[in-house]
Protein chains: 2
Amino acid sequence: MMMAEPNGDISRIENVPLRVSVADIIRQAILNGTMKPGTPVVEMALAEQLQVSRAPVREAIQILEADGLIESEPYKGKRVKPLTLKEVEELYSLREQFEAFAIRRIVERQVDVSELRRHSDAMFEAAERGDFAALNTADEAFHRALIRLADHDLMLGFWDNLYLRIRQIMALRNSANRDLRAVARNHPPIIEAIESRDMIRAISLISDHTRSASQIAPEELGIAP
Amino acid sequence: MMMAEPNGDISRIENVPLRVSVADIIRQAILNGTMKPGTPVVEMALAEQLQVSRAPVREAIQILEADGLIESEPYKGKRVKPLTLKEVEELYSLREQFEAFAIRRIVERQVDVSELRRHSDAMFEAAERGDFAALNTADEAFHRALIRLADHDLMLGFWDNLYLRIRQIMALRNSANRDLRAVARNHPPIIEAIESRDMIRAISLISDHTRSASQIAPEELGIAP
DNA sequence: GATCGTCTGATTGTCGACAATCTGATGATC
DNA sequence: GATCATCAGATTGTCGACAATCAGACGATC
C-alpha cells in the first residue's frame with residue numbers, strides 16, 4: 001500500500017563510518033595548509049593522534065589517494081602529494097575546459113541560470129566587507145553551480161576532484177593583496193553572456209577569468225620542476 | 001659521485017601488494033562482463049574464493065570504487081555500479097571533450113603525431129583478419145595515444161578512468177555485426193587533419209567518430225532510467 | 001490486521017597482533 | 001677503501017577475531 005509520507009521532511013540521519021570522519025579531518029589539514037605537500041603521512045601516528053586503530057586511518061588515506069591529495073609507494077610510505085607547476089597549469093586548464101563545456105550545454109539546453117546571480121551577489125557583498133573567505137566560498141559556489149547546471153554528473157565528479165586541489169593551491173598562496181571587488185566584477189558579464197545565449201563571449205570570458213586565476217609564483221608551492 | 005648505470009635497462013621488478021592483484025582480478029571480471037552491473041560484491045565470498053583475508057579484498061574494492069566500477073552503501077553492501085543511459089551519454093560526451101582538447105593542444109604545440117599511424121595501421125590489419133579484439137585494442141591505443149600526446153597528465157588520468165567504464169559498456173554490447181573496416185577507416189583522416197593543422201576539421205571528425213560509437217540500445221545495459 | 005519488539009542471519013566496520021618490505025647503518029672481508 | 005652481509009628501526013601489508021549495523025522474519029499485543 002503506497003502511502004504518502006506521514007511525517008514532514010525529517011532529514012535522514014546517517015551513521016558515518018570512522019574512515020569518513022578521519023578522511024575529513026586529514027583532508028581539512030591538507031587543504032588548509034597544515035599538512036603541506038611532501039609531508040609524510042604515517043598511519044600509526046595519525047591513529048594515535050585520533051585515538052582510533054590503523055584500519056580506518058588506512059581507509060581514510062585511500063580515500064585521499066583517490067582524491068589525488070596523497071600519493072603512496074607500496075611498502076615505502078605515503079605523503080601529501082607534492083605540487084608541480086605543470087600540475088597547477090593542468091588543473092586550471094582542465095577546469096577551463098570543463099567550464100566551457102558546461103556553458104555550451106547550458107546554452108544549448110536553455111537552462112535557467114538565475115541561481116548564478118545569487119552567488120554573484122554574495123561575492124559583491126563579501127567584497128564590500130573585505131571578507132576574503134566568504135568571497136572564496138561564494139566564488140566556488142558560483143563555479144560549481146555552473147557545472148551542476150550543465151546536468152552532467154560525471155563531469156561534476158571530476159570537477160569536484162579537481163577543485164579540491166585548486167583549493168589546496170589557493171590556501172598555499174598568500175592570498176592577501178588582491179582586489180576583491182575586481183574578482184566579483186568578473187562574474188556578472190558571464191551570466192549576461194549566457195542569458196543572451198552568446199556562447200562565444202561567455203566562453204571567452206570564462207577562459208580569461210580562469211587564466212588570470214591560475215597565475216602563481218613557483219616559490220609559493222615549495223617545489224618547482 | 002654520480003655514475004652512469006653500469007647495467008642496461010633491466011626492468012625494475014616490483015613487489016605487488018595483494019590488494020593490487022585482487023583489484024586486477026575483480027576489475028577484469030567486471031570489464032569482461034562476468035560481474036554484471038548490479039551484482040553484489042561481498043568481501044567474505046571473494047576472500048574465500050581468492051584464498052586471502054578480507055583486508056586486501058576490502059582495499060581492492062576501495063580501489064574499484066575510486067575507479068567508479070563499484071558503489072557502496074555504508075553498513076549495507078557493495079555492488080557493481082549499475083549503468084544508466086544518462087551515464088553512458090555522459091561518458092561519451094566527456095570523452096569527446098577530452099579528445100577535442102587534446103587535439104587543440106597537439107596542434108598548438110605542433111606535436112609529432114606519427115605514432116598514431118602505427119595504431120591506425122594495426123587497426124586495418126586487425127580488420128582484415130576479422131579480429132575484433134585486436135581492433136578494439138588498437139583503437140584504444142590510438143585514442144589513448146592521442147590524449148597522451150597532449151602531455152596533460154591530469155586529463156590522462158581522467159581519461160583512463162573514463163575509458164575503463166567505456167570498456168565495460170563495450171563488453172556488454174553484443175559487439176558482432178559491425179563493419180570492422182569501416183571503423184578502421186575513420187582514423188586516417190583524423191591523423192591527416194591534425195598533421196595539416198586543420199584543428200576545426202580534426203575536432204569535427206573526432207566528434208562524429210565518438211558520437212557514432214556512443215550509440216547503444218538501452219536493453220543492452222540491463223537497466224534503463 | 002496493524003503496530004511494535006525481538007530475534008536472527010548477513011554484511012560491513014574496527015581492532016590488535018604479526019608478517020613482509022624497505023632504508024640506512026654497521027661492521028667484516030678482500 | 002670498495003664491496004658485501006647482516007642487522008635494527010620504521011612503515012606498510014595481511015590476518016583472524018570481534019563489534020556494529022541493517023534488513024527481514026516472526027510473533028505478541030492491542
Side-chain angles (χ1 to χ4, degrees), chain A residues 1-7 10-26 29-30 35 38-67 69-82, chain B residues 1-7 10-26 29 35 38-66 69-82:
Chain A
M1 276 305 105
M2 200 32 117
M3 311 190 55
E5 271 299 335
N7 300 329
I10 309 285
S11 75
R12 169 167 169 56
I13 85 151
E14 47 187 300
N15 205 328
V16 189
L18 270 183
R19 61 163 175 270
V20 176
S21 314
V22 173
D24 287 345
I25 291 174
I26 302 178
I30 294 176
M35 296 176 70
T39 306
V41 179
V42 181
E43 293 172 7
M44 214 169 44
L46 287 166
E48 282 180 11
Q49 214 167 337
L50 301 173
Q51 287 296 306
V52 297
S53 83
R54 275 178 56 211
V57 174
R58 268 180 84 79
E59 303 195 348
I61 291 176
Q62 258 192 291
I63 293 174
L64 298 173
E65 256 183 271
D67 283 347
L69 296 176
I70 289 181
E71 69 179 7
S72 137
E73 277 220 87
Y75 299 107
K76 297 246 185 74
K78 328 198 169 177
R79 57 177 182 169
V80 182
K81 196 161 159 197
Chain B
M1 277 306 105
M2 200 30 117
M3 311 189 54
E5 270 301 333
N7 301 328
I10 307 285
S11 75
R12 168 165 171 59
I13 84 152
E14 46 187 300
N15 205 327
V16 189
L18 269 183
R19 62 164 176 271
V20 177
S21 314
V22 173
D24 287 345
I25 291 173
I26 303 177
M35 296 176 70
T39 306
V41 178
V42 182
E43 295 172 6
M44 215 170 42
L46 286 166
E48 282 180 12
Q49 215 166 336
L50 301 173
Q51 288 295 307
V52 296
S53 84
R54 273 180 56 213
V57 174
R58 267 181 85 78
E59 303 195 348
I61 291 175
Q62 258 192 293
I63 292 175
L64 298 173
E65 257 183 271
L69 295 176
I70 289 181
E71 70 180 7
S72 136
E73 277 221 85
Y75 299 106
K76 298 247 185 73
K78 326 195 170 181
R79 57 178 181 168
V80 181
K81 196 155 142 201

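Sequence lines set the chain letters: A, B, ... in the order given, protein chains first and strands last, and positions in each chain run from 1.
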Trainee: So which of B/Lys81, B/Lys78, B/Arg79 actually passes side-chain hydrogen bond (donor to acceptor under 3.5 Å, both in side chains) with B/Glu71?
Mentor: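 Testing B/Glu71 for a side-chain hydrogen bond (donor to acceptor under 3.5 Å, both in side chains) against B/Lys81, B/Lys78, B/Arg79 leaves exactly one candidate, B/Arg79.
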Trainee: Where each residue is assigned the nucleotide of DNA chain C containing its nearest heavy atom, which of B/Ile61 and A/Pro56 is assigned the position nearer the 5′ end?
Mentor: B/Ile61
Trainee: If you compare all heavy atoms of B/Val57 against all heavy atoms of B/Ala47, which two are closest, and at what distance to 0.1 Å?
Mentor: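 Reported closest heavy-atom pair: CG2-CA, 3.8 Å.
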Trainee: Just the rounded figure in Å: distance from P of C/dT23 to CZ of A/Arg79.
Mentor: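 A/Arg79 atom CZ is separated from C/dT23 atom P by 13 Å.
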Trainee: Please report, rounded to the nearest Å, how far the P atom of D/dT12 is from the CD atom of B/Gln62.
Mentor: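 Computing the B/Gln62:CD to D/dT12:P distance gives 16 Å.
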Trainee: Can you tell me the distance, in whole Å, between the CG atom of B/Leu18 and the P atom of C/dA20?
Mentor: 12 Å
Trainee: Which value, rounded to the nearest 0.5 Å, describes the distance between B/Glu43 atom CD and B/Glu59 atom CD?
Mentor: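 That separation rounds to 10.5 Å.
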Trainee: Shortest non-hydrogen contact from B/Ile63 to B/Arg19?
Mentor: CD1-CD, 4.1 Å
Trainee: So what does A/Arg58 hit on the nucleic acid, given a heavy-atom distance under 4.0 Å: a base, only sugar-phosphate, or nothing?
Mentor: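 The residue A/Arg58 makes base contact.
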Trainee: Looking at the side chain of A/Ser53, which of C/dG13, C/dG16, D/dT12 is the nearest nucleotide?
Mentor: C/dG16
Trainee: The side chain of B/Glu59 lies closest to which of these nucleotides: D/dC15, C/dT14, D/dT14?
Mentor: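 Out of D/dC15, C/dT14, D/dT14, the nucleotide with an atom closest to B/Glu59's side chain is D/dT14.
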Trainee: Quick one: is A/Lys78 getting a side-chain N or O under 4.0 Å of the D/dA10 phosphate, OP1 or OP2?
Mentor: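 The answer is no; no side-chain N or O of A/Lys78 sits under 4.0 Å from OP1 or OP2.
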Trainee: For B/Val41, report the nucleic acid contact type (base, sugar-phosphate, nothing); a contact means any heavy atom under 4.0 Å.
Mentor: sugar-phosphate
Trainee: Could you give the distance from CD1 (B/Ile26) to CG (B/Leu46), rounded to the nearest 0.5 Å?
Mentor: 4.5 Å
Trainee: How many Å lie between CE on B/Met44 and P on D/dA17, as a whole number?
Mentor: 13 Å
Trainee: For A/Glu43 and C/dG16, give me the distance from atom CD to atom P, rounded to whole Å.
Mentor: 14 Å
Trainee: Taking protein heavy atoms under 4.0 Å as touching, what does nucleotides 18-25 of chain D look like 5' to 3' if B marks base contact, S marks sugar-phosphate-only contact and - marks none?
Mentor: ---SSS--
Trainee: For A/Ala23 versus A/Ala60, what's the shortest heavy-atom pair and its separation?
Mentor: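 Scanning both residues, the minimum pair turns out to be N-CB, 3.5 Å.
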Trainee: What residue among A/Val22, A/Val41, A/Ile70 forms side chain to side chain contact (heavy atoms under 4.5 Å, CB included) with A/Leu64?
Mentor: A/Ile70
